[in-house]
Protein chains: 2
Amino acid sequence: MARTRDDEASRLDEAARAGWLYYVAGKTQDEIAQALGLSRQSVQRLVSLSTSAGLVRVRIDHPIAACLDLAARLKDRFGLRFAEVTPSDPASASTTLGIADACAADLERRLSQPDPIILAIGTGRTLKAAVEHLPPMQCRQHRIVSLTGNVGLDGAASIYNVVFSMADRVGAPHYPMPLPVVATSPEERAFLHEQKMIRATLSLAASADVAFVGIGQLGTGAPLVSDGFISEAELEAVRRAGAVGEICGWLFDAAGRIVDCAFNRRVAGAPLPDIATCEVVAVAMGPAKQAGLHAALGTLVNGVITDEATAIALLAD
Amino acid sequence: MARTRDDEASRLDEAARAGWLYYVAGKTQDEIAQALGLSRQSVQRLVSLSTSAGLVRVRIDHPIAACLDLAARLKDRFGLRFAEVTPSDPASASTTLGIADACAADLERRLSQPDPIILAIGTGRTLKAAVEHLPPMQCRQHRIVSLTGNVGLDGAASIYNVVFSMADRVGAPHYPMPLPVVATSPEERAFLHEQKMIRATLSLAASADVAFVGIGQLGTGAPLVSDGFISEAELEAVRRAGAVGEICGWLFDAAGRIVDCAFNRRVAGAPLPDIATCEVVAVAMGPAKQAGLHAALGTLVNGVITDEATAIALLAD
DNA sequence: CCCGGCTTTGGTCATTTGCTCATCGACCTT
DNA sequence: AAGGTCGATGAGCAAATGACCAAAGCCGGG
């Protein structure tokens with residue numbers, strides 16, 4: 001036996017004492033060494049031991065602390081590269097409150113970097129709200145590319161295509177997709193994708209460094225239905241085929257796989273960027289989006305911005 | 001107005017975030033700076049703010065054998081119901097270091113109980129420091145009553161009356177004493193105590209479940225003198241009459257008896273709760289308070305929070 | 001008894017951190 | 001509107017910290 005119980009206990013005792021002097025009394029390791037008659041290195045080891053042995057408990061008394069903890073657990077659980085959790089306001093049923101600010105803050109942080117990036121952006125009410133929280137900036141070094149078509153069924157630009165307002169605000173070159181959101185047939189889609197300008201934009205989207213996307217629910221009030229891209233009946237059919245959510249029009253199942261269905265073959269937007277090469281951040285909250293979010297995390301996206309309640313629900317699954 | 005509440009709150013948000021990343025996640029300030037899009041110096045300031053604002057609470061989760069032993073011996077020797085001993089920093093002359101944290105932790109423990117209690121609190125620098133270490137809580141079930149008047153000689157509220165800041169932090173109903181600390185005469189004291197509101201508060205104090213009090217020294221730097229409640233000469237007189245310490249203004253002798261003197265007849269605060277029915281905890285450390293502490297232990301108080309050096313000295317007497 | 005492996009200790013150096021100072025900019029006063 | 005004041009910010013620097021490395025004990029096995 002290399003060490004007796006007593007030795008170990010007294011060593012922990014020493015460690016606790018050193019940790020106390022260091023963390024509570026705020027002494028330097030040199031002073032502690034002098035006080036305890038040890039070398040500074042020994043004190044360093046004791047202090048280090050006191051933390052690694054879990055003797056030192058640090059608590060942050062702020063609501064943010066719980067959110068950061070949830071974010072760390074989300075990252076760990078779903079293998080994400082990025083996670084941010086905002087405090088929930090239990091009184092509000094809004095599905096953008098808080099995360100829109102958080103998303104805007106994150107966008108701002110990324111855009112204020114001098115190194116040029118290609119930023120892809122999806123569509124939807126959540127992103128729309130986020131972009132509205134962006135401060136005016138000038139960052140011509142970045143390029144912003146839309147992942148979805150911006151033309152509705154009636155030929156009018158969809159108001160939820162956010163690339164325009166975003167690029168407008170931040171003063172960056174932008175690359176919209178002059179396409180319908182959904183083509184009338186796979187053949188039309190293929191034809192459209194052959195167009196030179198479209199190909200350039202598609203290629204830009206494929207090489208995006210970071211993408212922000214919303215999660216579309218498929219239940220009551222599904223945006224695909226209310227925006228007229230799919231009929232209730234067809235949606236019901238793909239739901240029975242396993243679809244649980246939608247990103248930029250792409251329907252996916254509970255395992256995060258793009259469903260092989262007639263609708264997806266007509267989606268005119270760019271394929272979702274590969275999470276191996278691109279940071280794809282889902283911005284969504286609320287019970288309606290939970291199933292879709294859960295399926296997409298770690299498969300279609302490797303980042304998330306959500307709220308406390310949704311984070312808790314996701315981790316409980 | 002230089003700063004709005006929102007600005008300050010969001011700055012604390014940021015500070016909490018930085019503090020969490022630094023202390024809990026163990027990141028370096030450089031990494032945090034990069035993650036939050038700030039300069040390293042700003043992160044340093046935020047981390048520093050998070051500690052100075054009391055957001056970060058460190059506690060050593062290890063019973064140091066020596067301190068446990070001292071606590072047990074104090075309980076045994078003085079017949080106490082409660083004793084807690086924290087490690088000492090031999091180099092520091094602070095009279096609050098460590099015990100403020102310990103007192104805050106104990107207060108928090110008691111306040112987090114669901115069963116409602118009446119908590120009486122005295123005054124002084126030590127308790128003030130302890131309250132500042134309390135985390136924000138919501139415990140409306142408890143009542144906090146002050147044992148002393150909160151009005152100084154000049155009519156201003158004494159800053160060391162801690163019931164306000166404490167109640168503020170923990171969100172509990174509180175009952176201050178709208179009285180001077182010391183009345184100008186015994187008659188004035190009697191008259192004041194006849195007031196209806198005062199009587200209610202006095203009665204609440206008398207039925208307190210637990211009380212936390214500081215110990216006032218009578219030697220150099222006696223708070224009663226520096227706060228102007230008693231003249232040097234008068235203090236010297238009561239010292240010759242046997243007084244060795246003071247709790248909430250009440251002077252007591254080496255046997256722990258309240259001295260029968262002119263000053264005590266004018267003390268306007270509530271009588272000290274009876275140790276037969278109330279847990280009265282003295283929070284004090286340091287050689288200057290040792291005599292008073294020794295006299296009060298087991299007579300006026302039945303609990304103590306002190307530090308290692310003081311505990312050793314008390315047991316050596 | 002010596003030797004080799006293992007742990008611990010103290011020294012050295014790169015990294016991290018806290019502090020001071022100069023500068024900038026916003027806001028207030030005159 | 002000009003000037004002053006205050007706070008915030010970033011650069012530089014010195015102190016503090018943590019990691020690495022070599023040397024010294026310590027033990028069991030031979």
Side-chain angles (χ1 to χ4, degrees), chain A residues 1-58 60 68 105 108-115 135-139, chain B residues 1-58 60 87 89-92 94 97:
Chain A
M1 171 80 80
R3 175 175 303 159
T4 73
R5 184 176 301 259
D6 270 3
D7 283 346
E8 192 157 323
S10 75
R11 188 161 171 75
L12 278 180
D13 239 49
E14 286 290 299
R17 192 174 286 275
W20 188 89
L21 288 166
Y22 187 71
Y23 290 107
V24 181
K27 321 265 293 178
T28 70
Q29 297 183 352
D30 261 323
E31 292 171 312
I32 299 169
Q34 203 157 13
L36 299 185
L38 301 167
S39 73
R40 190 189 63 79
Q41 289 79 0
S42 307
V43 172
Q44 200 274 325
R45 285 185 194 102
L46 285 177
V47 171
S48 168
L49 173 66
S50 74
T51 55
S52 64
L55 269 45
V56 178
R57 301 291 277 277
V58 184
I60 308 280
L68 292 166
E108 186 187 347
R109 183 178 64 75
R110 292 171 194 268
L111 291 173
S112 59
Q113 300 296 318
D115 294 338
M137 318 173 62
Q138 281 303 320
C139 43
Chain B
M1 171 84 78
R3 172 173 303 158
T4 72
R5 185 174 301 261
D6 270 3
D7 284 345
E8 196 157 320
S10 75
R11 189 163 170 75
L12 276 183
D13 274 12
E14 286 294 294
R17 202 177 280 277
W20 190 90
L21 290 166
Y22 187 70
Y23 290 108
V24 181
K27 306 214 181 215
T28 69
Q29 298 182 351
D30 262 323
E31 292 172 312
I32 300 169
Q34 201 156 13
L36 299 184
L38 301 168
S39 73
R40 213 230 352 126
Q41 289 83 350
S42 306
V43 172
Q44 200 274 325
R45 288 186 184 101
L46 285 177
V47 171
S48 169
L49 174 66
S50 74
T51 55
S52 64
L55 268 44
V56 178
R57 306 218 315 139
V58 252
I60 305 293
D89 172 9
S92 164
S94 163
L97 185 69

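Letters go in sequence order (proteins before strands), and every chain restarts at 1.
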Rounded to whole Å, CD of B:Glu14 lies from C1' of D:dA8 at a distance of 15 Å

query = OP1 or OP2 of C:dT16 less than 4.0 angstrom from a side-chain nitrogen or oxygen of B:Tyr22, does that happen here?
reply = no

Taken to the nearest 0.5 Å, the spacing of A:Arg17 CZ from A:Leu46 CG works out to 11.5 Å

ask   = Counting only side-chain N and O atoms of B:Ser48, is one of them less than 4.0 Å from OP1 or OP2 of C:dG18?
value = no

Between the CG atom in A:Leu55 and the CH2 atom in A:Trp20, the distance rounded to the nearest 0.5 Å is 14.5 Å

Indicate, yes or no, whether a donor-acceptor pair under 3.5 Å links the base of C:dG10 to the side chain of A:Arg45.
yes

Here the distance between atom C1' of C:dT7 and atom CZ of A:Arg11, to the nearest Å, is 11 Å

* Asked: Does B:Ser42 place a side-chain N or O at less than 4.0 Å from the phosphate oxygens OP1/OP2 of D:dG10?
  -> yes

From CZ of B:Arg40 across to P of C:dC19 the rounded distance in Å is 11 Å

Winner on side-chain proximity to A:Thr28, out of C:dG11, C:dT16, D:dA16, is D:dA16

Between CG of A:Leu49 and C1' of D:dG18 the distance, given in whole Å, is 15 Å

Closer than 4.0 Å, any side-chain N/O of A:Gln29 to the OP1 or OP2 of D:dG18? yes

Here the distance between atom C1' of D:dG10 and atom CG of B:Leu46, to the nearest Å, is 14 Å

B:Leu38 CG to D:dA11 P, in whole Å, measures 13 Å

OH of A:Tyr22 to CD of A:Gln29, rounded to nearest 0.5 Å, is 5.0 Å

Mark yes when over 12 heavy atoms from residues, nucleotides or ligands other than A:Arg57 sit less than 6.0 Å from its CZ; otherwise mark no.
no

A:Ile32 atom CD1 is separated from D:dG18 atom C1', nearest whole Å, by 14 Å

B:Gln44 side-chain N/O to C:dG18 phosphate OP1/OP2 under 4.0 Å: yes

- Task: Measure distances between side-chain N and O atoms of A:Gln41 and base N and O atoms of D:dG18, and say whether any donor-acceptor pair falls under 3.5 Å.
- Result: no

In this structure, CZ of B:Arg45 is separated from CG of B:Leu38 (nearest 0.5 Å) by 11.0 Å

Between CD of B:Gln34 and C1' of C:dT16 the distance, given in whole Å, is 15 Å

